[in-house]
Amino acid sequence: MKDATKTVTAGRKPHAHRGVVNTPVYRASTILADSLADYRAMGSARAPDALVYGRHGTPTHHSLEAALAELEGGASAHLCASGLAAITAPLLSFLSAGDHLLMADSCYSPTRRFCDGMLRRLGVETTYYDPLIGGGVRSLIQQNTRVIFMESPGSWTFEMQDVPAIAAVANDAGIWTMIDNTWATPLYFRPLEHGVDVSIQAATKYISGHADVMLGAAVASKAAESKLKRGFLELGVSVGPDDAYLAARGLRTLAVRMERHWASGLRVAEWLFAQPEVVEVIHPALPWDPGHRIWKRDFAGSSGLFAIVLRPDLSNDAALTAMCDGFELFGMGASWGGFESLITPGSPGKSRSATSWPRNGRPGGQVMRLSIGLEDPDDLIEDLRAGFERMRALGA
Ligand SMILES: *Cc1c(COP(=O)(O)O)cnc(C)c1O
């Protein structure tokens, strides 16, 4: 079955719900047993759709979990209340005091805050590594290294990691691997097929797709399943059924939305590349991008999130304010992957420690990140063109 078909069928059993097409919202804490024998069996139930207690999930949750596990090619999926929790809960599930973690220097900055804060306090040491290191990560492995964490591409700097090479080194050394796979979604990259143990989605982004849900998911390989499941159980991770329902609803249209994000993103990126104000477009699906070779080798498509670097003389507050304050379509705000386009300034190099990422003569870099939504790309280009004109009117 092709992926687009799976996004429609996976995890749904209408005839188990009186023919209702979408798995309904089941609200529950208590789930009643039929009999004493049934009650006793509940406690030791192992099936992924077993009903035990609300915290462990209802059919609404199980439906989304089954769909995500199928799409990522994993043994099981585990939901939590945010994408960040889907990063921290697996790390807490696999790491103990005295362990060592290798973390990509390009990681999502709240991931770094967790490593430098709570993980350090619990006695786990983190070494940040150059995301472009590939198989060279072998030289950073210590005797107590337990997890290698990847994010590809990084969500601000878009460096493509050689995931198969890193996973091969880790598997050789008996080290667990995890990846933040939010940019690609399970449709465009399937980390478990390349030897990764845990694939993480901030389902808040493309999977939900409508800027109205906070949700995370971690999908485990067969080998990682029991450890991940136990960690989530012990932590008491739990998600409201309405959020699971909305994410499942978003998932049903993921394939068509992603095609549009991909095509419109490339259109806008190519237009931006031709503008005199833009010195760099950072987008792994563009043929001249340094990450393009890996993107083409490993990924089946591209999302609509990329960054541009403006000319140094335009990276000042007056010019940026002139540009950003007049957009009609582009919104400014955290997150991405929704139907609406966003533009956000950032200095992603500021939070690096193992590598530097200078742009525009600034050590922290200065980029504008664009999340291209589902509007007509011609209208988005018009909005950007007007933004550049406001900059020019300043005499820049
Ligand atoms: C947004 C984001 C997260 C966190 O997701 P939340 O649902 O906002 O907690 C994790 N990783 C990446 C790459 C993200 O962009």
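Atoms within each ligand, like the ligands themselves, are counted from 1 in listed order. Numbering of residues begins at 1 and proceeds along the displayed sequence.
Of all protein heavy atoms, the one closest to atom 7 (O) of ligand 1 is T204 OG1, 2.5 Å. Among protein heavy atoms, the minimum distance from atom 9 (O) of ligand 1 is reached at L84 N, 2.8 Å. Counting only heavy atoms of the protein, atom 8 (O) of ligand 1 lies nearest to M214 CE, 3.5 Å. Of the protein's non-hydrogen atoms, D180 OD2, 2.6 Å is the one closest to atom 11 (N) of ligand 1. For atom 14 (C) of ligand 1, the closest non-hydrogen atom of the protein is K205 NZ, 2.8 Å. Closest to atom 6 (P) of ligand 1 among all protein heavy atoms lies G83 N, 3.3 Å.
With hydrogens and angles ignored, the 3.5 Å screen pairs no side-chain donor or acceptor of S208 with any backbone N or O of K205. Listed for the W295 side chain is a donor-acceptor partner under 3.5 Å among the backbone atoms of G301. In terms of modelled atom types and a separation under 3.5 Å, the side chain of S82 and the main chain of M214 share no donor-acceptor contact. Between the side chain of W183 and the backbone N or O of L305, at least one donor-acceptor pair lies under 3.5 Å.
Of the candidates Y108, W183, W336, W156, Y108 brings a heavy atom nearest to atom 3 (C) of ligand 1.
Salt-bridge formation is not detected for the pair E70/K6: no Lys NZ or Arg NE/NH1/NH2 atom is positioned less than 4.0 Å from an Asp or Glu carboxylate oxygen.
Each of the following atoms of ligand 1 lies closer than 4.0 Å to a heavy atom of I87: 10 (C). Residue contact check: S82 has heavy atoms under 4.0 Å from atoms 7 (O), 9 (O) of ligand 1.
To the nearest 0.5 Å, the span separating CG on D99 from CD on Q142 amounts to 10.5 Å. The line from CG of L68 to OG of S76 is 11.0 Å long, rounded to the nearest 0.5 Å.
If you check the side chains of E375 and S341, you find a donor sitting under 3.5 Å from an acceptor.
By the criterion of a heavy-atom distance under 4.0 Å, neither the backbone nor the side chain of I200 is placed next to ligand 1. Under 4.0 angstrom from ligand 1, the non-hydrogen atoms of S155 all belong to its side chain.
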